[in-house]
Enquirer: 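Take this structure first; my questions come after.
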Amino acid sequence: MFMLSMQTTGLVGLAVAENPHERLRILYTKILGVLQNIPKDAAYRKYTEQIVNQRFNLVKTETDVQKLQDKLNSGHIEEVIVQAENELSLARKMLQWKPWEPLVEEPPSDQWRWPI
Amino acid sequence: TVRPKNEVEQKRLCAFGEYVAEILPKYIQQVQVTCFNELELLIHPDGIIPVLTFLRDHTNAQFKSLADLTAIDVPSRQYRFELVYNLLSLRFNSRIRVKTYTDELTPVDSAVSVHKAANWYEREVWDMYGVFFANHPDLRRILTDYGFEGHPFRKDFPLSGYVEV
């Protein structure tokens, strides 16, 4: 018998992830590593570390995939992996853009007035 | 009849607006919530790509879908065109509006690198208003006739046009 367990996620284009805990562990450690380079008082670092540590602890304590999906409450585990990859690429881009600095330029005084 | 006020939703949107404004103080000039419970972020034009990428990729704000990209012409202002991006989050079922400004001659970064859907929307804004998008893969006319001159949706363009048909 070749096909022992042919599962699907039910979503087009998302293959079932084998060993999701390992993948998530790698991704979350990478994100935390990138976040270390951001200044400590930046709001982005504070909130993202909070989210990532929360999810990381859940991944470390819960070994059953189905229960982990329920606890994270964020769709399939493959979607959680995609979201972690997005967060990693965002963190790397944030290092270049540095959005925690003060405002670049004030708008002209009548710019956002409505009605004119 | 009057639409009932949804205080819970308004508070939730205000809280989220403050959250985003705290994370991106470099580009966000103002945050407002309309009386119909619509959140709007008012941005400096340099921050289009950072803000849109943040809204698309961050875990608390997965606004993966660009629903609309339009422009408004207010000729009396110094920066007459106001670009409006409408985003939808499927994970959290919520919408957000991102507004920027520019004038006729200043190019604006294209959102195509963030959302592929922005391609034709930006072509339409270029055709109808004359707002140039830098790094757009293929910026040409989309709705006007082939040899058409002028940008029809501007306020100084007459209703029946310059050429008799």
Side-chain angles (χ1 to χ4, degrees), chain A residues 11 24 27-28 31-32 34-35 38-39 41-56 58 72-76 79-116, chain B residues 15-16 18-32 34 40-64 72-84 89-92 99-103 106 109 113-114 155:
Chain A
L11 302 164
L24 278 174
L27 282 167
Y28 287 145
I31 295 176
L32 289 170
V34 171
L35 287 178
I38 300 182
D41 58 348
Y44 176 67
R45 173 171 175 169
K46 198 171 52 172
Y47 291 122
T48 318
E49 274 185 344
Q50 203 178 2
I51 301 170
V52 168
N53 282 326
Q54 198 182 358
R55 290 196 168 193
F56 203 176
L58 279 174
L72 283 172
N73 195 19
S74 187
H76 283 97
E79 288 180 332
V80 175
I81 294 177
V82 167
Q83 183 52 44
E85 286 164 1
N86 287 345
E87 190 73 56
L88 179 60
S89 87
L90 178 67
R92 287 184 178 142
K93 291 177 191 169
M94 286 298 210
L95 270 182
Q96 292 172 348
W97 292 325
K98 302 195 201 345
W100 47 85
E101 291 165 1
L103 193 57
V104 164
E105 195 188 344
E106 284 287 340
S109 53
D110 62 342
Q111 182 63 41
W112 296 124
R113 184 159 28 126
W114 191 263
I116 318 170
Chain B
F16 183 69
E18 282 164 14
Y19 173 75
V20 182
E22 199 187 335
I23 294 190
L24 300 165
K26 190 173 177 184
Y27 303 114
I28 299 188
Q29 290 160 352
Q30 217 177 307
V31 176
Q32 51 199 36
T34 52
E40 300 185 353
L41 296 176
L42 309 181
I43 306 283
H44 185 273
D46 285 344
I48 291 182
I49 295 192
V51 171
L52 289 178
T53 333
F54 171 79
L55 289 173
R56 185 190 59 160
D57 285 341
H58 189 65
T59 327
N60 273 355
Q62 299 169 31
F63 289 96
K64 304 271 182 216
I72 305 173
D73 181 20
V74 185
S76 57
R77 293 178 182 164
Q78 182 196 352
Y79 295 100
R80 70 190 284 197
F81 300 117
E82 193 179 301
L83 291 175
V84 181
S89 166
L90 301 154
R91 170 72 53 206
F92 300 115
K99 291 197 183 188
T100 345
Y101 53 80
T102 184
D103 57 10
T106 321
D109 279 324
S113 54
V114 183
K155 294 286 195 236

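These figures come from a predicted structure and were not determined experimentally.
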Enquirer: Please state whether the side chain, the backbone, both or neither of A:I51 comes within less than 4.5 Å of a heavy atom of chain B.
Expert: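 Contact with chain B is through the side chain of A:I51 alone.
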Enquirer: Please enumerate all residues that pass salt bridge (charged side-chain N to carboxylate O under 4.0 Å, His left out) together with B:R80, with sequence neighbours excluded.
Expert: B:D73, B:E104, B:D156
Enquirer: Below 4.5 Å from any heavy atom of chain B, which atoms of A:P102 appear? Answer side chain, backbone, both or neither.
Expert: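 The answer is the backbone of A:P102.
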Enquirer: If I compare all heavy atoms of A:W97 with all of B:Y27, which pair ends up nearest, and what's the gap?
Expert: O-OH, 3.8 Å
Enquirer: I need the minimum non-hydrogen distance between A:L90 and B:F54, along with the two atoms involved.
Expert: CD1-CA, 3.7 Å
Enquirer: With a 4.5 angstrom heavy-atom cut-off, which part of A:R45 approaches chain B: side chain, backbone, both or neither?
Expert: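 For A:R45, neither part sits under 4.5 Å from chain B.
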Enquirer: Below 4.5 Å from any heavy atom of chain B, which atoms of A:E79 appear? Answer side chain, backbone, both or neither.
Expert: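 Interface part for A:E79: side chain.
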Enquirer: Is it the backbone or the side chain of B:R77 that comes under 4.5 Å from a heavy atom of chain A, or both, or neither?
Expert: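 Interface part for B:R77: both.
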Enquirer: Where does A:S74 contact chain B at under 4.5 Å (heavy atoms): side chain, backbone, both or neither?
Expert: both
Enquirer: Calculate, to the nearest 0.5 Å, the distance between atoms OG1 and CD belonging to B:T59 and A:Q50 respectively.
Expert: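 Between B:T59 OG1 and A:Q50 CD, I get 11.5 Å after rounding to 0.5 Å.
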Enquirer: Where does B:E22 contact chain A at under 4.5 Å (heavy atoms): side chain, backbone, both or neither?
Expert: both
Enquirer: Among all residues two or more places apart in sequence or in another chain, which pass the side-chain contact (heavy atoms from CB on, under 4.5 Å) test with B:S113?
Expert: B:I49
Enquirer: Given a strict heavy-atom distance threshold of 4.5 Å, which part of B:Q62 is in contact with chain A: side chain, backbone, both, or neither?
Expert: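 Only the side chain of B:Q62 comes within 4.5 Å of chain A.
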